[in-house]
Amino acid sequence: MTKRFGDVVAVDDLSLEVKPGEFFALLGPSGCGKTTTLRMIGGFEEVTSGSVYLGDTDVTDLPPFKRATNTVFQNYALFPHLTVFENIAFGLRRRKTPTNEIRHQVAFMLKLVELPGYEDRKPNQLSGGQQQRVALARALVNNPRVLLLDEPLGALDLKLRKQMQVELKRIQSEIGITFIFVTHDQEEAMTMSDRIAVMRAGRIEQLGQPEELYERPRTDFVAGFLGVSNLIDADVAGRDERFATLRLDGGTLLRAPAAYVNGAPRVRLGVRPEKLRVIALNDDTGDSVDADTNALDGTVLDASYIGVSTQYLVETPDGHKLTVYAQNLETSGAGEVLADGQRVRLTWKPQHTFVIGPAIGPMPAGDAELEEEPQVHA
Amino acid sequence: MPRHWRWLVPYLFLIPGGLWLLAFFVVPMLVMASVSLQTGSLGTGYALTWNFGVYPEMIGAWAPQFERSLWYSIVVTALTLAVGYPMAYTIAFRGGRYKSILLLLVILPFFTAYIIRTLSWKLILADNGFVLGNLKDIGFLDDGFRIIATPIAVISGLTYNFLPFMVLPLYVALEKIDPKLVEAATDLYASRLQAFLRVTLPLSMPGVFAGSLLTFIPAVGDFINSEILGSRDTTMIGQIIQRLFLNNNAYPEAAALGFMLMAAVLALVFIYARFVGADELTR
Amino acid sequence: MRDETQIERAIARAFRPQRRLSRRMFLRQTGRGAVIAGSALSLPAILAACGIGPGASTAPSAGSQAALPSAPAGTLDFANWPAYIDIDEETGDYPTLAKFTEESGIEVAYTEAINDNEEFFGVIQPDLAAGNPPQYDLIVMTDWMIEKMIRLGYLSELDRSKIPNFDANALDLYKDPWYDPGNVHSMAWQSGITGIGYNPTLTGREITTFDDLLDPEFAGRVGMFSEMRDTMSLALLSLGIEPEEATVDQATQAKDKLLAAAQAGQFRNFYGNDYYDELANGNLAVTVAWSGDVSQMKLYDNPDVEFVVPDTGGMLWIDNMAIPNKAAHPLDAHMMMNFWYDIENAVPLTEYVGYFSPVTGVTERVLEDAETAEAEGDQEWADALRVIAETANPTDEVLANVHNYRKLSEEEEAQWNDLFNEVVAG
């Protein structure tokens, strides 16, 4: 589907399928079209071209109040003139639910979000986290087929956010409703989601399970947006069953899983900083490297001790700068950190190398193929 | 200032406004109250004789004009609300980048004197003026038809003149409403009409209340519209007060009427506040 | 009926040319409005009530004369009615006033502040009652108000030696008038008659008497004055009662007659100056009117209108210059009064305002000017001047059928006001 605002294409021919009961995240920086996508699913924005299906039903032209979706809005959009009870009961009342039933269901929801006894409060008498729960209850009480959440935790402070992440996940698994949520926080998306669509400029950059996106980013953008990556360009020098050999411009040979490399003569390889081991090179250190290990020599440019790890910036002779997170397994204090200017060797396992190439073949595992009928299909 | 005097600071800020109110509201009110209870004449001077009888006397004499003023003002308030709400709503929610221009247009008439604005209507709608005259010439209207010197002219004039007083507070109230709340309502199975009735309207009530007061209170005391656009049969209480005060120099009677008008307006405002919900005012 | 002339009329309405009196009409309108607004909003008016002292007791006793300074102060605050002095239509200046300034060196702050005798009295009364210096040095008030203000001791006595032109040039009609015997406090500015103005094309017949105003045929197209004395006096005359001698009982009869008509919807409204436009633009078919207005209207705004003194009698009113007590610049005010009784200055005034002039020989001079204008080829102006000359002085026939206002005591005035208030407020 596509959404245009005047000349601006907010969502560009985006295609997406979400499975029933899935906790699905749309992740991306602001302005990437993730909220617009969510709003099109919810019916708040007209679709310029394309269509939205809920199960088998085409809901493209239905207004929000005729869709079996409910939304938890950014900043919650609780009705300030209504009590917590009436906020939660709002949808039920519109659907002419009997009063007894309303009372019963609202009570159930308040219990689910752990706010019993707050029925008569007004929203402005609640803390941010409590408002969040009411917004959730207000949407869930309608038993939607899909719950849409727009930056649901964005307004909370860090500690509460962590707590609500767990809470949301608990509630979702308790009631088994499909959640589609929008966030710009990659950690939040990683923690909660079954699958994540990373968006950029109105398109999906990559869609997959969190670990797949992290371990095997397929674009520069994904590699940079989810965590930190060291990226180096290289030529494909050869391949065997398991590994492809890549030659850096300086001549160093590195290996990567063969499946990641597909035909292109020049690729960009990447490795996460925490996968690197750093060894101080002394005059007596030999050149021998384990054949199963990738190795790269360099000089420490900068070192900072940050408690759980030490962060190094290492420069290779041909000018690449690599970030290394060294677990402080054996060191005990800033005094044992390698000094600036120290020559070091970085080593990692070839299977930890990922490849971003101009032509990328099918992924080896964790495919997006669906075993079930999609719940949301846009 | 020593620390233990700090609590005084907010009260100090109140002093200028307080003095202003004292000098230009409280003192004149007391003077008016005193005058209303005096008897005498220009030749002999006036003396305070606690003549409370003037109040029932004035009520008895001018009840019809009193009732008419209240009645006109209620109609005018309802009309400005009916006309102004859609205007304010459109500007607040659909105005986009034209918001400030549209608001400027609403208050533009204020750049002309109130009297001139009202007089111009008298010229525009003269019996054989450009509008009515031509409609009569093409046979659309009967030759005897007129608008000026009718209650319709007075009510329309008041509605026209007070419309900005309604639109501006309504706009402020509506503009504050997060459009997400309306989306939330439609998401929760409210049709657009229901969303308006259950969310937008209740949340705009402070604006409705403020606009109603700003329209109703000056409209009750207005005498210009009736003087210029009306006739004998549209005489409003403000005209009576003005006539008693300035033309007849009947100061006690005029003061008594003025006081009763204020009391009546206050009473109605309290009833209205109850009806609308006073808590809406404080939020 | 809907023929071409109708369409022509409509077009003419849409593109009505600027006439000489357009500014005059504008002044009437805005002047009235300004007074309404001013009186409503001014704090002094509200606080006025606070200082209601007895009239004469705090003021110098009536008849006293403040000693005039030996030299003029060089400034003068002059309050007059709208469009009651000659105005240069193009520049908005006052040519004859400018001449006065040139000759005397006195700067005149001229304000068109007066729209209604009672309203203006209501505005200045608090200062006069409190014995404070008034805002104005020279005011123009109608005869009955002059009488009332003299009674309250609000006007200072004139020094006749400073106004030689009055004794030399004033017409007898304006000397020793009923409201100010011996002209001790006042001298006429202009005068006129309250009668009936009507539009024969709208009435379809000649109007001769006050009862024609009550003809149901004209219901809703009749104008009345909101000024109590004019309206009540004309009604009294229609009942065969001389207003000068009318009792409260007789005034009640007049009130009943007016009230019955008002309640039947006979009157479109009760007007101040604004009756002029309503008659000129055809909203009114017939109305109580002032003589000079109607001749002006006939000339410049609506050629159809006519003025008539009702056969039951009309009211002669004289507007007078007077100096309030404790005025800041009394000598300057005397000089101004003397100035207007010079025929050279009286003529341009009359040629502009079109009311009766109190100065001898004005009619002849206006006719002379008409001939000059004709000779110079300005036929339109010549015709206008001839009309003005005709009305520049009342004929003996007219004077025989006009009356003066009653000297109302304060108690009577309150009673008459109460009666009349019933009529004007429905």
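Every heavy atom of this structure was used, including side-chain atoms; hydrogens, water molecules and symmetry mates were not. Note on naming: letters A, B, ... go to the chains in the order of the sequence lines (proteins, then strands), and numbering restarts at 1 for each one.
- How far CG of A:Asn75 is from CG of B:Asp178: 7.5 Å, rounded to the nearest 0.5 Å.
- Heavy-atom neighbours of A:Ile175 CD1 from other residues, nucleotides or ligands within 6.0 Å: above the threshold of 12.
- Of the two parts of A:Leu148, neither the backbone nor the side chain holds a non-hydrogen atom closer than 4.5 Å to a non-hydrogen atom of chain B.
- B:Arg192 approaches A:Pro64 most closely through the heavy-atom pair NH2-CD, 4.4 Å.
- At a heavy-atom separation below 4.5 angstrom, chain B is approached by A:Arg138 within residues 129-138 of chain A.
- For B:Gln194, the part lying under 4.5 angstrom from a heavy atom of chain A is the side chain only.
- Nearest heavy atoms, B:Arg198 versus A:His81: O-NE2, 2.8 Å.
- Heavy-atom minimum distance, B:Ala184 versus A:Ala77: CB-O, 3.9 Å.
- Closest of all the heavy-atom pairs between A:Thr69 and B:Tyr189 is O-OH, 4.1 Å.
- Contacts between B:Ala195 and chain A at a heavy-atom distance below 4.5 Å are absent for every atom of the residue.
- Contact check for A:Tyr76 versus B:Leu181: no side-chain heavy atoms found under the 4.5 Å cut-off.
- Between B:Ala190 and A:Phe90, the shortest heavy-atom contact is CB-CE2, 3.9 Å.
- Counting non-hydrogen atoms of other residues, nucleotides and ligands closer than 6.0 Å to CD of A:Glu101 gives a total above 12.
- The environment of CZ in B:Phe110 is crowded: more than 12 heavy-atom neighbours from other residues, nucleotides or ligands sit within 6.0 Å.
- If you take NZ on B:Lys180 and CG on A:Leu78, they are separated by 13.0 Å, rounding to the nearest 0.5 Å.
- Interface residue A:Phe73: only side-chain heavy atoms are found under 4.5 Å from chain B.
- Looking at B:Leu203 and A:Pro80, their side chains come closer than 4.5 Å, going by heavy atoms from C-beta outward.
- No more than 12 heavy atoms of other residues, nucleotides or ligands shown are found within 6.0 angstrom of OH on A:Tyr118.
- At least one donor-acceptor pair closer than 3.5 Å links the side chain of A:Asn70 to the backbone N or O of B:Asp187.
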